[in-house]
Protein chains: 2
Amino acid sequence: MGNHNKEQSLTPSKNFILPFILLLLSRMSLHGYELIQKLQSLGFRTVDQGNLYRLLRKLEQDNLVCSEWETGGSGPAKRKYSITEAGIKYLEGYANQLESYQTMLDQFFKMYSSFLELYIPSFPKKDSIEKSSESKGRSINDSKE
Amino acid sequence: MGNHNKEQSLTPSKNFILPFILLLLSRMSLHGYELIQKLQSLGFRTVDQGNLYRLLRKLEQDNLVCSEWETGGSGPAKRKYSITEAGIKYLEGYANQLESYQTMLDQFFKMYSSFLELYIPSFPKKDSIEKSSESKGRSINDSKE
DNA sequence: GACTTATATGTGTAAAATACATATAGATGA
DNA sequence: TCATCTATATGTATTTTACACATATAAGTC
């Protein structure tokens, strides 16, 4: 079950980065290259170039995204990715799952904050922890895909 | 990158269930058996008995929890698990990571809600989605560990 | 013609998730 | 006493993920 002495890296990479990819593509068509940049600016620190392109191809095979070559710009041809109808459906399903996650996390922090009160009686009241969402723009994720 | 046609199972099992285990044990001592029940009531639908006991042993090896035999009750002796100091520290680290998760999720839903407005112009305004946390007690997680 | 940009694929390793089977042993009760 | 229940524990096999890094191709740019 893994070594609990080394740093925890809490990153269900594929599961976590995929919905963001679909979400981005649902709002704009992007080249793989742009997508990487967007993901990075969203907080995915390291995105492995090779694996991302591979994923995109897989998504296209599965008909969740589609692409067309875009020539004419500067540099070599770029593949412009868009989301498909199926991709949108899939994204919706993902959103439901993520919502469930959020619920679990809320549950966790609700318990955790009262846990803090147990161990650190002087701990500032609930709200500072319980809804720490919306918080500091920390960039966290170490997803490499 | 997995088959995108089958149902998504979005469950970083270990990473997700472990903080809950530590959290529960930080608030009360529990037998493995009770722990399973608690986890289930928290939304972890299926928790594999064998793997959970194995995990507990590992956590004890790593000194995040400790246990003592409890005889005298009904049935066979039970091992009563408690959290250790190190376990509490570890839980705190986990909480930080989960907080980051929450931030990412918030980010996702913020974007996602405006995505819905794009595709479904009549979609009810932001708040119903964006902070869907605290919501319905859905039981979601399929964690088997 | 070297260099940059963009896309793409190959390959390997380690860890994790998952799923079942099996074992042991005390307690309970017919 | 024998079957059953409860509780803990371990074995093991398969597949998927995560991660990392190397390499390839090809069109543009300077």
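Protein chains get the first letters and strands the later ones, always in sequence-line order, with residue 1 at the start of each. Heavy atoms only: backbone and side chains are in, while hydrogens, waters and symmetry mates are out.
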Could you check B/Leu25 against B/Leu91 for side chain to side chain contact (heavy atoms under 4.5 Å, CB included), going step by step and ending with a plain yes or no?
CA-CA 10 Å; B/Leu25 292 181; B/Leu91 175 57; over 6 Å; no

Starting at CD1 of A/Ile17 and ending at P of D/dA18, how long is that distance when rounded to a whole Å?
10 Å

What does B/Ser74 touch in the nucleic acid at a heavy-atom separation under 4.0 angstrom: a base, only the sugar-phosphate, or nothing?
sugar-phosphate

Between A/Gly87 and A/Leu22, the two heavy atoms sitting closest are O-CD1, 4.3 Å

What's the closest nucleotide to the B/Arg54 side chain, out of C/dT9, D/dT12, D/dA9?
D/dT12

I'd like to know if B/Asn51 reaches the base of C/dA19 with its side chain such that a donor and an acceptor end up less than 3.5 angstrom apart.
yes

Specify the separation, in whole Å, of atom NZ of B/Lys78 and atom C1' of D/dA7.
7 Å

Between the two end axes of the helix from C/dG1-D/dC30 to C/dA30-D/dT1, each built from 5 base pairs, what angle do you get to the nearest 10°?
10°

Using atom NZ of A/Lys58 as one end and atom C1' of C/dT7 as the other, report the distance to the nearest whole Å.
19 Å

Please state how far atom CG in B/Asp48 lies from atom P in C/dT22, giving the value in whole angstrom units.
15 Å

Tell me whether the side-chain N/O atoms of B/Arg57 come closer than 4.0 Å to OP1 or OP2 in D/dA9.
yes

What one should report as the nearest heavy-atom pair of A/Val65 and A/Thr84 is C-CG2, 3.6 Å

Within less than 4.0 Å of OP1 or OP2 of D/dT8, is there a side-chain N or O belonging to B/Arg79?
no

What is the separation between atom CG on B/Leu55 and atom P on D/dT10, rounded to the nearest whole Å?
13 Å

Rounded to the nearest Å, what distance is computed from the CD atom of residue B/Glu68 to the C1' atom of nucleotide D/dT8?
16 Å

Indicate, yes or no, whether a donor-acceptor pair under 3.5 Å links the base of D/dA7 to the side chain of B/Gln49.
no

Tell me whether A/Lys58 is salt-bridged to A/Asp62, with the criterion being a basic N under 4.0 Å from an acidic carboxylate O.
yes

Here's a test of your reading of the structure: between B/Gly75 and A/Gly50, which maps to the more 5' nucleotide of DNA chain D?
B/Gly75

Map A/Leu56 and A/Pro76 onto DNA chain C by nearest heavy atom, then report which one ends up closer to the 5' terminus.
A/Pro76

From NE2 of A/His31 across to C1' of D/dA27 the rounded distance in Å is 15 Å

I want to verify a distance call: between C/dT9, D/dT8, C/dG26, whose nearest atom is closest to the A/Tyr53 side chain?
C/dT9

So A/Phe108 and A/Tyr112, would you call those rings parallel, tilted or perpendicular, with 30° and 60° as cut-offs?
parallel

As a quick check of understanding, evaluate side-chain hydrogen bond (donor to acceptor under 3.5 Å, both in side chains) for A/Glu85 and A/Asn63, giving each step before the final call.
CA-CA 9 Å; A/Glu85 278 301 317; A/Asn63 193 41; over 6 Å; no

Looking at every non-hydrogen atom in both residues, tell me the closest pair between B/Ser67 and B/Glu60 and how far apart they are.
OG-OE2, 2.8 Å

Atom-to-atom span, OH of A/Tyr33 to P of C/dA6 - whole angstrom
5 Å

